[in-house]
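What's counted below: heavy atoms across the whole structure, side chains too, no hydrogens, waters or symmetry copies. Each chain gets a letter, A, B and so on, in the order the sequences are listed, and its residues count up from 1.
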Amino acid sequence: DIQMTQSPSSLSASVGDRVTITCQASQDISNYLNWYQQKPGKAPKLLIYDASNLETGVPSRFSGSGSGTDFIFTISSLQPEDIATYYCQQYDNLPYTFGQGTKLEI
Amino acid sequence: EVQLVESGGGLVKPGGSLKLSCAASGFTFSNAWMSWVRQAPGKGLEWVGRFKSKTDGGTTDYAAPVKGRFTISRDDSKNTLYLQMNSLKTEDTAVYYCITDLGGHLDSWGQGTLVTVSS
């Protein structure tokens with residue numbers, strides 16, 4: 001299985017801050033990488049697909065980049081409603097695998 | 001609007017069985033690949049398995065921890081996806097989500113249903 005390693009596992013930031021989360025795959029996954037947001041008590045929501053494409057309706061402060069084994073998720077200006085846990089997920093090979101999550105706090 | 005509503009969760013003893021359902025609406029269910037993902041209490045996300053649309057072969061794939069114990073099925077006439085879970089273990093305790101699977105993009109998620117395996 002492809003292992004996905006996210007860092008940090010938790011992050012405290014202030015409103016307006018630029019926030020960056022990294023995700024590293026244990027092997028080359030090209031751009032087959034998605035990012036999800038999960039708010040407390042809710043189902044996850046797809047934010048970014050194919051490493052850098054913003055899902056329809058997702059605010060432009062969210063962005064993603066990378067390919068191969070190293071990926072970055074960025075919130076350009078943190079808002080209070082961005083409090084959530086964020087997960088990366090690869091779909092290059094089955095089984096789909098997720099990073100362990102990054103819990104974002106303000 | 002896509003809607004996915006899971007049901008069938010509950011408390012079951014180790015070794016027991018449970019069948020989850022996922023009622024779908026707002027899209028052409030028969031054309032959709034569907035996945036199940038679970039989340040143990042306070043833990044991360046784990047993919048369980050998927051069912052491709054019949055037009056794409058109608059095949060199933062499973063994660064290793066559930067292979068041979070869980071079976072995903074679908075009834076396209078009822079727009080419903082199922083997850084039959086047998087030989088349940090305490091480590092299967094989780095919220096189970098039904099999701100539209102766009103070839104790896106887990107696009108629309110249900111609200112989840114909690115399965116608790118405990119004696």
Side-chain angles (χ1 to χ4, degrees), chain A residues 1-10 21 23 25 28-58 62 64 67 71 73 84-104, chain B residues 1-7 9 20 22 24 26-27 32-52 56-57 59-70 72 94-114:
Chain A
D1 296 2
I2 297 175
Q3 306 303 313
M4 305 300 294
T5 304
Q6 265 182 257
S7 63
S9 55
S10 64
I21 298 169
C23 181
D28 189 335
I29 59 169
S30 185
N31 67 331
Y32 299 131
L33 189 284
N34 301 322
W35 290 96
Y36 299 85
Q37 174 193 65
Q38 186 177 31
K39 295 186 176 181
K42 300 293 187 183
K45 174 186 174 184
L46 177 63
L47 295 184
I48 291 172
Y49 63 94
D50 295 348
S52 61
N53 294 300
L54 208 61
E55 182 77 342
T56 302
V58 173
F62 296 98
S67 67
F71 301 87
F73 172 82
T85 299
Y86 293 86
Y87 295 92
C88 60
Q89 173 240 334
Q90 69 79 26
Y91 61 98
D92 182 52
N93 281 350
L94 289 181
Y96 302 151
T97 48
F98 294 87
Q100 79 277 17
T102 296
K103 186 174 183 180
L104 182 53
Chain B
E1 179 193 1
V2 172
Q3 278 208 316
L4 299 166
V5 179
E6 301 94 337
S7 60
L20 306 183
C22 170
F27 64 103
W33 296 18
M34 299 295 295
S35 270
W36 289 96
V37 165
R38 67 184 181 183
Q39 186 170 36
K43 302 297 184 184
L45 302 168
E46 181 185 24
W47 179 76
V48 171
R50 76 177 180 193
F51 200 130
K52 292 183 177 180
D56 288 317
T59 56
T60 52
D61 298 284
Y62 298 94
V66 308
K67 196 168 186 178
R69 299 188 298 123
F70 289 13
I72 301 173
V95 173
Y96 285 74
Y97 295 101
C98 163
I99 308 150
T100 58
D101 182 349
L102 305 182
H105 306 163
L106 302 176
D107 188 49
S108 296
W109 297 60
Q111 85 288 352
T113 187
L114 176 63

#### Entry: Distance-minimising heavy-atom pair for L45(B) and F98(A)
O-CD1, 3.4 Å
### Task
Using side chain to side chain donor-acceptor pair (under 3.5 Å) as the criterion, list what pairs up with W33(B), not counting sequence neighbours.
D56(B)
### Residues forming a side chain to side chain donor-acceptor pair (under 3.5 Å) with W47(B), sequence neighbours excluded
S35(B)
### Task
Answer with side chain, backbone, both or neither: which region of Y32(A) has an atom nearer than 4.5 Å to a non-hydrogen atom of chain B?
neither
### Query
Which of residues 84-93 of chain A get closer than 4.5 angstrom to chain B, counting heavy atoms alone?
Y87(A), Q89(A), Y91(A)
#### Entry: Residue list, side chain to side chain donor-acceptor pair (under 3.5 Å) with S7(A), at least two apart or on another chain
T22(A)
## Note on the structure
Tightest non-hydrogen contact, residues A43(A) and G110(B), listed as CB-O, 3.2 Å
### Message
Using the rule given for side-chain contact (heavy atoms from CB on, under 4.5 Å), can you reason through Q38(A) versus Q39(B), listing the C-alpha separation, both sets of side-chain angles and the distance that settles it, and then say yes or no?
### Response
CA-CA 11 Å; Q38(A) 186 177 31; Q39(B) 186 170 36; 2.8 Å; yes
### Task
Report yes if the side chains of E46(B) and T97(A) come closer than 4.5 Å at any heavy-atom pair, otherwise no.
no
### Message
Less than 4.5 Å to any heavy atom of chain B: does that hold for the side chain of D1(A), its backbone, both, or neither?
### Response
neither
### Message
Before you tell me yes or no, could you show the steps for Y62(B) and L94(A) under side-chain contact (heavy atoms from CB on, under 4.5 Å), namely the whole-Å CA-CA distance, both residues' side-chain angles and the distance that decides it to 0.1 Å?
### Response
CA-CA 9 Å; Y62(B) 298 94; L94(A) 289 181; over 6 Å; no
### Partner of Y96(A) by side chain to side chain contact (heavy atoms under 4.5 Å, CB included), out of V37(B), V48(B), D101(B)
D101(B)
### Query
Relative to chain B, which of P44(A), G41(A), G99(A), P95(A) shows the most heavy atom pairs under 4.5 Å?
P44(A)
### Message
Does K103(A) have more than 12 heavy atoms from other residues, nucleotides or ligands lying within 6.0 Å of its NZ?
### Response
no
### Task
Please tell me if the side chains of K42(A) and Q111(B) come closer than 4.5 Å, counting only heavy atoms from C-beta onward.
no
### Message
Is the ring pair H105(B)/Y49(A) parallel, tilted or perpendicular, if the boundaries are 30 and 60 degrees?
### Response
tilted
## Note on the structure
For D107(B) and L46(A), the nearest pair of non-hydrogen atoms, with its separation, is OD1-CD2, 3.9 Å
